[in-house]
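Sending over a structure as structure tokens; questions will come in a sec.
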Amino acid sequence: GVTSRIMDVDSAIEHVRKVTTEMPISVVGIVGPGDALFNEETFEFFKRVDDEFPELIKCMSTNGLLLPDKADLLADLQINTVTVTVNAINPEIGSQIYHRTFYDGKMYQGISGFELLSKQQLSCIEKITDKGIVVKVNSVLIPGLNDQHIVDIAKEVKNRGASLTKYHTINTT
């Protein structure tokens, strides 16, 4: 996929109109800014895409924190694919990656914050796959932190229903 730029809903719909007249496309997606599930514009965009371009595959990316709250809405919007970023499942490792988690008006820190995020991610991977949404999991391999943990992540998310896992390496030097 290619990210063009940050757009409001009207600009994004106009962009899709323009691109579809220039070339055949089959997929349209949202990857932010921030977590796409936090932005109400995400849902407005997908509703409008469905009305005007029902043939397009709809996909989005998320960290998964709000996935349980939005799973039914994603199914109603006929989202085809959701990419969830899962960088850990072990609380000791996860709390080193995610220092704070802000959810439902409250700040969670350390292990409790990571455990909340992880619970939301893993439980909803199952929930949305049961609704027919394809789940892809991305993991960022962080040398010296979660590099020995990537296989465990892949096994766990596969057991929860993820169709594909992919990892990316960051350079820490």
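Just so you know, these numbers use all the heavy atoms, side chains as well, and skip hydrogens, waters and symmetry mates. Being a predicted model, the structure only gives us computed values, none of them experimental.
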Mind checking whether Leu164 and Val86 sit in one hydrophobic cluster, side chains of I, L, V, M, F, W, Y counted as touching below 4.5 Å?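 The answer is no; the residues belong to distinct hydrophobic clusters.
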Would you say Thr85 and Asn63 are linked by a side-chain donor-acceptor pair, where the criterion is simply a distance under 3.5 Å? no
Do other residues, nucleotides or ligands put more than 12 heavy atoms under 6.0 Å from the CD atom of Gln109? yes
More than 12 non-hydrogen atoms from neighbouring residues, nucleotides or ligands closer than 6.0 Å to CZ on Phe53, yes or no?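 More than 12 heavy atoms, drawn from other residues, nucleotides or ligands, come within 6.0 Å of this atom.
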Hey, are Lys18 and Glu22 close enough for a salt bridge, meaning a charged N less than 4.0 Å from a carboxylate O?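 Yes, this pair counts.
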Taking all heavy atoms of Gln120 and all of Ser123, pick out the closest pair and write down the distance.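 Closest heavy-atom pair between Gln120 and Ser123: O-OG, 3.5 Å.
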So if you build clusters from Ile, Leu, Val, Met, Phe, Trp, Tyr with side-chain heavy-atom gaps below 4.5 Å, do Phe45 and Val19 land together?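 Yes, it is one cluster - the side chains of Phe45 and Val19 are joined through contacts under 4.5 Å.
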For the residue pair Asp8 / Ser11, report whether a side-chain donor-acceptor contact shorter than 3.5 Å exists.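 Checked: Ser11/Asp8 side chains pair up, N/O donor to acceptor below 3.5 Å.
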Run the numbers on Leu122 and Val157 for side chain to side chain contact (heavy atoms under 4.5 Å, CB included), then give the verdict. CA-CA 7 Å; Leu122 297 176; Val157 299; 4.0 Å; yes
Do Ile97 and Ile111 sit in the same hydrophobic cluster, where Ile, Leu, Val, Met, Phe, Trp and Tyr count as joined when their side-chain heavy atoms come under 4.5 Å apart? no
Hey, what do you get for CD (Glu55) to OG1 (Thr20), rounding to the nearest 0.5 Å? 7.5 Å
For residues Ser139 and Ile150, report the shortest heavy-atom separation together with the two atoms involved. CB-CD1, 4.0 Å
Quick one: OG on Ser95 to CG on Leu117, what's the gap to the nearest 0.5 Å?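 Spacing of OG (Ser95) from CG (Leu117) equals 11.5 Å.
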Quick one: CD on Glu126 to CG on Asp130, what's the gap to the nearest 0.5 Å?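 The distance works out to 7.0 Å.
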To check you understand the geometry: which heavy-atom pair defines the closest contact between Lys127 and Pro68, and what is its length?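 Looking at all heavy atoms of both residues, the closest pair is NZ-O, 3.7 Å.
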If you define the side chain from C-beta out and look only at heavy atoms, does anything of His149 sit under 4.5 Å from Ile89? yes
To the nearest 0.5 angstrom, please state how far the CD1 atom of Ile79 sits from the CD1 atom of Ile128.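 Those atoms lie 10.0 Å apart.
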Within a strict 4.5 Å, meaning less than it, do heavy atoms of the Thr83 and Thr62 side chains meet? no
Side chain proximity check, Leu37 to Thr42, heavy atoms < 4.5 angstrom: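 Side-chain contact under 4.5 Å: no.
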Which atom of Met60 lies closest to which atom of Ala36, heavy atoms considered: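 Minimum heavy-atom contact is CE-CB, 3.6 Å.
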Do Val16 and Leu56 touch side chain to side chain, with heavy atoms closer than 4.5 Å? yes
Are any of the side-chain nitrogens in Glu14 or Arg17 under 4.0 Å away from the carboxylate oxygens of its partner? yes
hydrophobic_cluster_shared for Val49 and Leu73, side chain cutoff 4.5 Å: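 Leu73 clusters together with Val49.
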Less than 4.5 Å apart, any side-chain heavy atom of Leu77 and any of Lys47? yes
Calculate, to the nearest 0.5 Å, the distance between atoms SG and NZ belonging to Cys124 and Lys119 respectively. 10.0 Å
Note: Glu156-Arg160 ion pair, threshold 4.0 Å (strictly below): yes
Minimal non-hydrogen separation, Thr165 against Ala154, with atom names: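 Nearest pair, atom of Thr165 first, then Ala154: OG1-CB, 3.9 Å.
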So, Ser61 side chain and Val31 main chain: donor-acceptor pair closer than 3.5 Å or not?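 No, because the side chain of Ser61 does not come within donor-acceptor range (under 3.5 Å) of the backbone of Val31.
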Single-linkage hydrophobic cluster, 4.5 Å side-chain cutoff, Ile30 and Ile57 together: no
CD-CG distance between Glu115 and Asn90, expressed to the nearest 0.5 angstrom: 9.5 Å
Tell me, do Lys136 and Val134 make a side-chain contact under 4.5 Å, heavy atoms counted? no
Nearest atoms (heavy-atom pairs only) where Tyr103 meets Tyr108: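 Heavy atoms of Tyr103 and Tyr108 come nearest at O-CE1, 3.7 Å.
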Do Thr101 and Phe114 have side chains that get closer than 4.5 Å, going by heavy atoms? no
Hey, which of Asn146, Ile93, Val137 is the one that makes side-chain contact (heavy atoms from CB on, under 4.5 Å) with Asn87? Asn146
Only one of Ile125, Thr129, Leu74 forms a side-chain contact (heavy atoms from CB on, under 4.5 Å) with Val82, so which one is it?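 The single option meeting the side-chain contact (heavy atoms from CB on, under 4.5 Å) with Val82 is Leu74.
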